[in-house]
Amino acid sequence: MTTVRIPADWPTTEAQARAVQDELRTRVELSEPGPAPGTGTVTGVDVAYDDERDVVVAAAVVLDGASLEVVEEATAVGRVSFPYVPGLLAFRELPAVLAALEGLTAAPGLVVCDGYGRAHPRRFGLASHLGVLTGLPTIGVAKNPFTFTYEEPGARRGSTSPLVDVEAGGEEVGCAVRTRDGVKPVFVSVGHRVALGTAVAHVLQLAPRYRLPESTRLADALCRRALREAAG
DNA sequence: GCGACAG
DNA sequence: ATCTTGTCGC
């Protein structure tokens with residue numbers, strides 16, 4: 001378990017945070033197809049909080065992209081770096097996520113984040129931000145449509161429909177993906193160095209049985225367990 | 001001004 | 001995210 005280090009220049013105000021996003025968003029790479037599903041490694045990252053005690057724990061779980069077996073796990077503990085503000089989630093989660101990733105020996109490969117990438121008010125969600133800071137290919141998988149709109153995908157697993165930003169004139173920012181028959185879809189968007197089609201294929205490949213990708217299920221379970229053992 | 005709003 | 005028991009269903 002490594003320790004989270006919050007950079008001295010980490011934003012303190014919402015205005016500063018938005019300025020950082022506007023600066024870094026220019027570095028997002030959207031023209032690469034990304035790693036082929038079923039190849040290499042895939043890493044799930046997630047964060048758990050104990051706001052009472054100001055404690056945060058992040059987990060990174062590396063999976064074999066083909067078998068989905070766990071290759072390596074790492075966790076990090078630290079203090080909360082920013083309050084939760086819709087649109088600024090990265091400033092709350094990234095220091096811990098970066099510390100967890102640094103604790104890994106294996107190459108992360110594609111990183112799967114909880115939340116969004118391009119599907120963001122300024123097109124620079126958590127997944128895009130992590131991608132720019134690490135240079136790794138990243139995607140975002142969220143459980144809710146945030147402020148966006150979507151048509152219900154077909155009832156069968158594998159059905160998809162566009163995730164649209166109505167405010168921005170109907171721009172497509174991601175995809176609603178049905179990972180299980182008749183179950184609420186997940187919301188996928190590109191982070192960095194991955195195409196949307198590739199991202200969707202990865203999500204389906206990572207979720208053969210449950211609604212959420214194995215990568216996020218495992219990372220979620222790990223950071224919660226580590227939080228209990230570190231604080232509660 | 002008010003409400004909604006990833007985790 | 002987190003607070004929380006049982007319960008319906010495959």
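Here is how names work: the chains are called A, B, and so on, in the same order as the sequence lines, proteins then strands, and each is numbered from 1.
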Residue pairs fulfilling salt bridge (Lys or Arg N to Asp or Glu O under 4.0 Å) with at least one residue in residues 104-120 of chain A, sequence neighbours excluded: A:Asp114-A:Lys143, A:Arg118-A:Glu171
Sugar-phosphate only, base, or nothing, as touched by A:Ala119 at under 4.0 Å among non-hydrogen atoms: nothing
Which nucleotides of DNA chain B pair, in dot-bracket form (Watson-Crick or G-U under 3.5 Å, | meaning another strand): .......
Whole-Å gap separating C1' (C:dC3) and CZ (A:Arg224): 12 Å
Pairwise side-chain contact, A:Val77 with A:Val56, heavy-atom cut-off 4.5 Å (strictly under): no
Touch class at under 4.0 angstrom, heavy-atom based, for A:Leu94 against every strand present: nothing
Nearest-Å distance for atom pair CG/C1', residues A:Asp51 and C:dC3: 12 Å
Salt-bridge criterion met for A:Arg123 and A:Asp22 (N-O under 4.0 Å): no
Touch class at under 4.0 angstrom, heavy-atom based, for A:Asp46 against every strand present: sugar-phosphate
Spacing of CG belonging to A:Leu110 relative to CG belonging to A:Leu206, to within rounding of 0.5 Å: 7.5 Å
Boundaries of the chain A footprint along DNA chain B (any atom under 4.0 Å from a heavy atom): B:dC5 to B:dG7
Separation of C:dA1 C1' from A:Leu227 CG (nearest whole Å): 10 Å
Contact summary for A:Pro11 and A:Val20, nearest pair of heavy atoms: CG-CG2, 3.8 Å
Touch class at under 4.0 angstrom, heavy-atom based, for A:Tyr116 against every strand present: base
Ring centroid separation A:Tyr150 to A:Phe187 under 6.0 Å: yes
Closest contact, heavy atoms only, A:Cys175 versus A:Leu163: N-CB, 3.6 Å
Sugar-phosphate, base or nothing in reach of A:Gly87, heavy atoms under 4.0 Å: base
Separation of C:dT2 C1' from A:Tyr84 OH (nearest whole Å): 13 Å
Note, A:Leu94 side chain near A:Leu133 side chain (heavy atom, < 4.5 Å): yes
Any A:Phe91 side-chain heavy atom under 4.5 Å of A:Pro83 side chain: no
